[in-house]
There are 2 protein chains.
Amino acid sequence: MNAAKNKFLECKIFTSLTEERSRIRKYGKGTIIHFQGEEYHSLLVVVEGLVSAEIHDPQGKKIKLETFSPVSPIAPGILFATDNTLPVTITAESDVKILSVSKQDILTILQKDTACLEGYLSLTGDKIVLLAEKIRLFKFNSIQQKIAGYLLNLSKKKGSNHVRLPYTREFLADLFGVARPSLSRELSRLADAKILDIKNKDITILKKRALNYILEGKFGTLYDYDNG
Amino acid sequence: MNAAKNKFLECKIFTSLTEERSRIRKYGKGTIIHFQGEEYHSLLVVVEGLVSAEIHDPQGKKIKLETFSPVSPIAPGILFATDNTLPVTITAESDVKILSVSKQDILTILQKDTACLEGYLSLTGDKIVLLAEKIRLFKFNSIQQKIAGYLLNLSKKKGSNHVRLPYTREFLADLFGVARPSLSRELSRLADAKILDIKNKDITILKKRALNYILEGKFGTLYDYDNG
DNA sequence: CTCAAACGGTAACCTTTGTTACATAAATAT
DNA sequence: ATATTTATGTAACAAAGGTTACCGTTTGAG
């Protein structure tokens, strides 16, 4: 999702490309950068702003699969797939700058330098891990479990029981792949059960233990736990 | 899923490896070849038999993501992921022979030959396409839509309205990621509506048009269609 | 051929999530 | 500040799918 250390993104042959003005294109907030179903011929790379990848269905429902912040390559795997039709829609969540690198240029880089090659392979491998994790989440986790997992993770990163949601409820619902009122309902239930204290985007975890139990599927629908 | 033409699998450097006896290991039907959650260090390749990849959850529910028939590499992407923990369990569906190739050997091959490199990248890219498609299927398609899609596809391949299911109901339910009785119920409903004629594993599509409508989500729960 | 094990259909019931509609609150532009 | 849009909570209801339990059928080993 975010830009982690990667041998491909750091290799000189690639970084030098990111400085070529001619390769960069700007998109305004809300613009669609690449439509689901269209062929994907050149690697797009987010160099400024925030970009998301969503699966849309004909009825207009959608699932946000990923958000990309600089410097992140978009769909490095699909570029080389037998069917190189993009399975997601790429949207600018803010004003963004996108770098474009042809498939052939990528191949040339990969062939030249083993570190680059390993780096690129780990980029595509990480996508597979991410998608597999999404499937696990979608099929095996209830909405409450998704909330629990998400909040516990945020809280751990921040080292505090109080977190501020970086997204709107609607954005979050798309990220979880659920309906917005359903997310609202489950959040309210957790608040009713005094597990969470919710004030707009500010959420305090009141009973971390309970939240962990929920995440692990140790509760049914009732919350008969102690404090903690 | 099946072994399609691929530049990596066909390149000589790789095919010569498949002849080295010492690299091959046998597994009996039902054996687990690699556990979900364990690190994946060498590329495994199915050279004989049938192998499946499933996501398991702690409660024992499972989703079959893929089946591999010879010659198919298993998880070529994860091999190079930052977190190279396998997100799926690899199971022998029959007696199988598995070839093992070290990560380093793969890198060497890819560096030597552009065709191999492109081939390997398309293998991993195709996995991403497959997983994205699974997500779409899981989130946006009802059980009836999955059945419709599956049968129409089988029927198209065979060029006949009569198909024979290659799997048991249980296997199919896992493939669809649904409960077995749920799949049974929906199959029965389609039979009740005279859209399908079902006799064990032999299914005849009686109303292809209706099935297409279902697939496209043009029906609610009632089937008020014409013939065809 | 026989028998046990695996497979499959079904019904009643439960749980989760989605849908729709509406009122309120918050954010943003003018 | 005020207006307008966007975001959010909520409730009543619907729908889809899961669970469990049971029994009949098919299959395949011996």
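To find a chain, count down the sequence lines: A is the first, B the second, and so on, and within it residues start at 1.
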With sequence neighbours left out, what residues match A:Glu38 under salt bridge (charged side-chain N to carboxylate O under 4.0 Å, His left out)?
-> none
Counterpart residues, salt bridge (charged side-chain N to carboxylate O under 4.0 Å, His left out), relative to A:Arg164 (two or more places apart) = A:Asp202
Rounded distance (Å) that lies between atom P of C:dC7 and atom NZ of B:Lys199 = 23 Å
Calculate the interatomic distance between A:Tyr167 atom OH and D:dT8 atom P; express it in whole Å.
-> 14 Å
For A:Leu137, the side chain to side chain contact (heavy atoms under 4.5 Å, CB included) test, sequence neighbours excluded, returns A:Glu133, A:Asn141, A:Lys146
Among D:dA7, C:dC7, C:dT10, which nucleotide sits nearest the side chain of B:Ser188?
-> C:dT10
Atom-pair distance (CD1 on B:Ile147; P on C:dG9), nearest Å = 11 Å
Backbone N or O of A:Ser184 within a donor-acceptor pair of the A:Ser188 side chain at under 3.5 Å?
-> yes
Sorted by first residue and then second, give each ring-ring contact (aromatic ring centres under 6.0 Å, His included) pair with at least one member in residues 171-197 of chain B; sequence neighbours left out.
-> B:Tyr150-B:Phe176, B:Tyr167-B:Phe171
Rounded to whole angstroms, how far apart are NZ on A:Lys29 and C1' on C:dA29?
-> 13 Å
In residues 73-90 of chain B, what donor-acceptor pairs under 3.5 Å come from side-chain atoms, sequence neighbours left out?
residue	atom	partner	partner atom	Å
B:Thr82	OG1	A:Asp126	OD1	3.2
B:Thr82	OG1	A:Asp126	OD2	2.7
B:Asp83	OD1	B:Thr85	N	3.2
B:Asp83	OD1	B:Thr85	OG1	3.2
B:Asn84	ND2	B:Tyr40	O	3.2
B:Thr89	OG1	B:Gln36	N	3.3

Taking protein heavy atoms under 4.0 Å as touching, what does nucleotides 24-30 of chain D look like 5' to 3' if B marks base contact, S marks sugar-phosphate-only contact and - marks none?
-> -------
Take atom CG of B:Leu196 and atom P of C:dG9, then tell me their distance rounded to the nearest Å.
-> 12 Å
Inter-end axis angle, the helix from C:dC1-D:dG30 to C:dT30-D:dA1, with every axis fitted to five base pairs (rounded, 10 degrees) = 60°
Protein-nucleotide distance (B:Gln59, atom CD; C:dT16, atom P), rounded to Å | 13 Å
Sequence neighbours excluded, the answer for salt bridge (charged side-chain N to carboxylate O under 4.0 Å, His left out) partners of A:Lys61 is none
d(CG, A:Asp202; P, D:dT8) in whole Å | 13 Å
Non-neighbouring partners of A:Asn161 that pass side chain to side chain donor-acceptor pair (under 3.5 Å), sequence neighbours left out = A:Lys208
Who passes salt bridge (charged side-chain N to carboxylate O under 4.0 Å, His left out) against B:Glu20, sequence neighbours left out?
-> B:Arg23
If a pair satisfies ring-ring contact (aromatic ring centres under 6.0 Å, His included) and one of its residues is in residues 184-212 of chain B, list it, with sequence neighbours excluded.
-> none
Do NZ/NE/NH1/NH2 and the carboxylate oxygens of A:Arg180 and A:Glu170 come within less than 4.0 Å?
-> no
Enumerate the protein-to-nucleotides 17-22 of chain C contacts in which both atoms are nitrogen or oxygen and the separation is below 3.5 Å.
residue	atom	partner	partner atom	Å
C:dT17	OP1	A:Ile143	N	2.9
C:dG18	OP2	A:Ala179	N	3.1
C:dG18	OP2	A:Ser182	OG	3.1
C:dG18	O6	A:Arg185	NH1	3.1

Find the distance B:Ile63:CD1 to D:dG17:P and express it as a whole number of Å.
-> 14 Å
